[in-house]
J.: 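Could you have a look at this structure, given as structure tokens, before my questions?
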There are 2 protein chains.
Amino acid sequence: MSTNSLLQRILQEHDRMGPAEQRLGDFVKAHPGKVIHMSMARLSQECDVSDPTVMRFCRRFGFEGYQDFKLNLAQSLVPSAPFAYEQIVPGDSIESIVRKTARNSLNAIQRALEDLLPQQIEEGAKLLQEASWIGIYATGISEVTAIDAEHKFQRLGMRCAAVIGRKKQWLHAEASRPNEVALIFSQSGHTKQMIELAIAARSGGARVVSITAADSPLARVSDVLIAVTPYDRTELLTPLASRLNHHLVINMLVTSIAVTSGSEFPDQLPALDSWQTDKI
Amino acid sequence: MSTNSLLQRILQEHDRMGPAEQRLGDFVKAHPGKVIHMSMARLSQECDVSDPTVMRFCRRFGFEGYQDFKLNLAQSLVPSAPFAYEQIVPGDSIESIVRKTARNSLNAIQRALEDLLPQQIEEGAKLLQEASWIGIYATGISEVTAIDAEHKFQRLGMRCAAVIGRKKQWLHAEASRPNEVALIFSQSGHTKQMIELAIAARSGGARVVSITAADSPLARVSDVLIAVTPYDRTELLTPLASRLNHHLVINMLVTSIAVTSGSEFPDQLPALDSWQTDKI
DNA sequence: ACAGAAAAGTAGTTTTACTATTTCCCGATC
DNA sequence: GATCGGGAAATAGTAAAACTACTTTTCTGT
């Protein structure tokens with residue numbers, strides 16, 4: 001993404017700098033959190049460098065001076081930006097659970113924003129929109145995702161159903177016919193049941209839209225793939241974050257369909273609960 | 001929450017300050033982006049205030065001085081420069097739908113991180129953990145949230161059920177007895193059915209944990225409130241964002257319960273799907 | 001109305017960021 | 001091989017910034 005962190009730019013510029021400025025760069029990279037609380041004098045001393053050199057170093061990156069540099073450095077350090085998954089461990093306080101959970105979710109969405117390909121969403125939305133019926137398939141905890149999708153598509157007046165459970169899924173997939181779409185959610189794209197469902201649905205003439213990992217077996221047997229990069233081993237531990245992106249994709253699909261079908265307030269549609277329930 | 005955005009803290013402290021410091025506070029709130037590039041002298045002049053007053057103002061919030069204050073201010077405004085919700089409009093391209101959806105979600109989580117009170121999560125988790133059975137109630141699109149909660153609590157081996165539909169909900173709520181907990185999800189806290197369910201459950205001896213807006217009718221009839229600030233009119237249009245925070249709360253509850261009950265890998269629990277499904 | 005405390009301001013000191021100029025280092029040139 | 005030249009860095013100096021100690025003003029309560 002275009003929002004290159006300042007620290008990365010320092011790394012890139014490294015070879016184009018003289019030795020004194022390199023020492024500066026190394027120190028800033030190593031202790032950015034310290035630097036923002038240091039004066040120019042202290043920093044220059046720490047790196048065996050004179051303070052006009054610090055000045056030149058800052059200007060090199062397009063800043064007006066040291067102050068301006070420090071401010072931007074501070075902003076690029078802010079926890080939410082490009083930062084790692086924080087594992088939750090047994091001793092954690094409630095407060096840190098709250099913080100870590102939220103931050104991990106932020107992290108997940110940020111990654112999604114960088115990785116998602118709008119074109120895939122577009123293709124998926126087009127197929128879904130043209131379908132006469134949509135079967136929504138998932139297993140395990142992704143079932144909730146399927147139910148969520150069902151709710152939202154039905155709001156748009158579309159014919160669809162979340163199909164849960166092995167036997168039911170088989171029944172529906174084998175009865176597939178042209179003009180229908182099978183929408184499949186799978187984290188890894190390696191789940192046997194889902195791959196077989198995709199194949200069954202296609203042999204009946206239906207199209208398959210999968211929200212799953214790129215380069216997975218499921219991706220290869222789908223007509224349209226919406227690639228959601230799964231999390232590597234460490235990050236797999238996070239329960240919400242991994243599923244969050246699937247919900248995001250659903251929302252993007254729903255909104256896209258609403259937009260292209262000419263709704264005036266595309267993002268209002270799924271929020272109509274208020275009409276159906278009595279309030280006091 | 002301790003990670004309260006600086007601007008919010010300024011707002012909270014407003015009444016405890018003298019008129020000069022109030023002028024400062026107002027200016028900082030109005031032009032935070034300007035302030036971070038101003039010197040103390042310029043700021044004090046702009047607010048008709050002497051510069052030791054600026055000093056005192058900064059120290060009031062626990063900072064060492066003006067510099068330190070500016071640094072933290074800069075960090076607190078980094079995330080999405082203006083916190084504004086970006087409405088999706090009919091003409092939007094797929095790409096901007098993707099971007100806006102993701103950014104609105106980020107925005108929602110960030111707000112949750114600032115507003116959520118860990119103590120409420122803690123109280124909620126405690127009650128849920130001690131319950132002999134948990135009834136999970138919701139209507140409309142929040143039903144998905146209820147199902148999600150059911151899935152996750154069951155992973156922990158807890159006895160619970162998502163109760164969907166008016167009549168079923170009545171049956172269950174009226175049969176409530178001590179040691180049971182009713183877990184209620186409601187965006188506004190004004191839904192009649194939910195309030196009545198809460199009252200019914202309590203009169204049967206059960207405790208009520210609500211995830212809803214503070215100061216709402218539902219909040220007032222609950223034993224434990226987990227306050228999730230609802231979105232004002234403009235932001236109500238966002239379908240995912242408003243519900244997202246309820247999912248976050250569920251996750252925090254599940255993790256908290258897992259931690260306090262001594263699980264070794266608290267954040268791994270809800271990710272055990274792999275055990276149940278065949279992979280290829 | 002007046003004592004006492006809180007709030008804000010004045011004046012002064014130290015530190016800081018930044019500038020202008022000079023020195024050093026190193027490779028190419030005659 | 002001394003010299004010239006150009007980039008990299010340092011020295012020295014300045015204006016302004018941040019911070020402190022102290023004084024004055026403005027409330028508040030008896």
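Below, chain A is the first sequence line, B the second, and so on; all start at residue 1.
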J.: At under 4.0 Å between heavy atoms, what does B/Val49 touch on the DNA or RNA strands: base, sugar-phosphate, or nothing?
T.: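 The answer is sugar-phosphate, as B/Val49 gets under 4.0 Å only of primed atoms, P, OP1 or OP2.
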J.: Please say which of B/Asn245, B/Leu248, B/Leu244 ends up in a side chain to side chain contact (heavy atoms under 4.5 Å, CB included) with A/Ser105.
T.: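 Among the candidates, only B/Leu248 passes.
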J.: Anything under 4.0 Å to a heavy atom of chain A counts; send over the first and last such nucleotide of DNA chain C, read 5' to 3'.
T.: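 Endpoints of the contacted stretch of DNA chain C: C/dT16 to C/dT19.
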J.: I'd like to know if A/Asp48 and A/Arg23 make a salt bridge, using a cut-off of under 4.0 Å between side-chain N and carboxylate O.
T.: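 A salt bridge is absent here (no side-chain N lies under 4.0 Å from a carboxylate O).
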J.: How about A/Lys29: does its NZ atom have over 12 heavy atoms from other parts shown lying under 6.0 Å from it?
T.: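 Above 12, so yes.
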J.: So, does B/Arg202 use its side chain to make a donor-acceptor pair with the main chain of B/Val208 at under 3.5 Å?
T.: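 No, because the side chain of B/Arg202 does not come within donor-acceptor range (under 3.5 Å) of the backbone of B/Val208.
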J.: Taking B/Arg59 for its side chain and B/Glu64 for its backbone only, find out whether a donor-acceptor pair lies under 3.5 Å.
T.: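 Checking the backbone N and O of B/Glu64 against the side chain of B/Arg59, a donor-acceptor pair under 3.5 Å is found.
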J.: Using the ring of each side chain (for Trp, its six-membered ring), is B/Tyr66 parallel, tilted or perpendicular to B/Phe69, with breaks at 30° and 60°?
T.: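 Correct class here is parallel.
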J.: Show the numbers, then the answer: is there a side chain to side chain donor-acceptor pair (under 3.5 Å) between B/Thr53 and B/Ser50?
T.: CA-CA 5 Å; B/Thr53 303; B/Ser50 70; 3.1 Å; yes
J.: Spell out protein contact along nucleotides 13-27 of chain D as letters: B when the base is contacted, S when just the sugar-phosphate is, - when no protein heavy atom is under 4.0 Å; keep the 5' to 3' order.
T.: ----SSBB-------
J.: Under a plain distance cut-off of 3.5 Å, with no hydrogens placed, do B/Thr101 and A/Asn251 share a side-chain donor-acceptor pair?
T.: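 Side chains of A/Asn251 and B/Thr101: no pair found under 3.5 Å.
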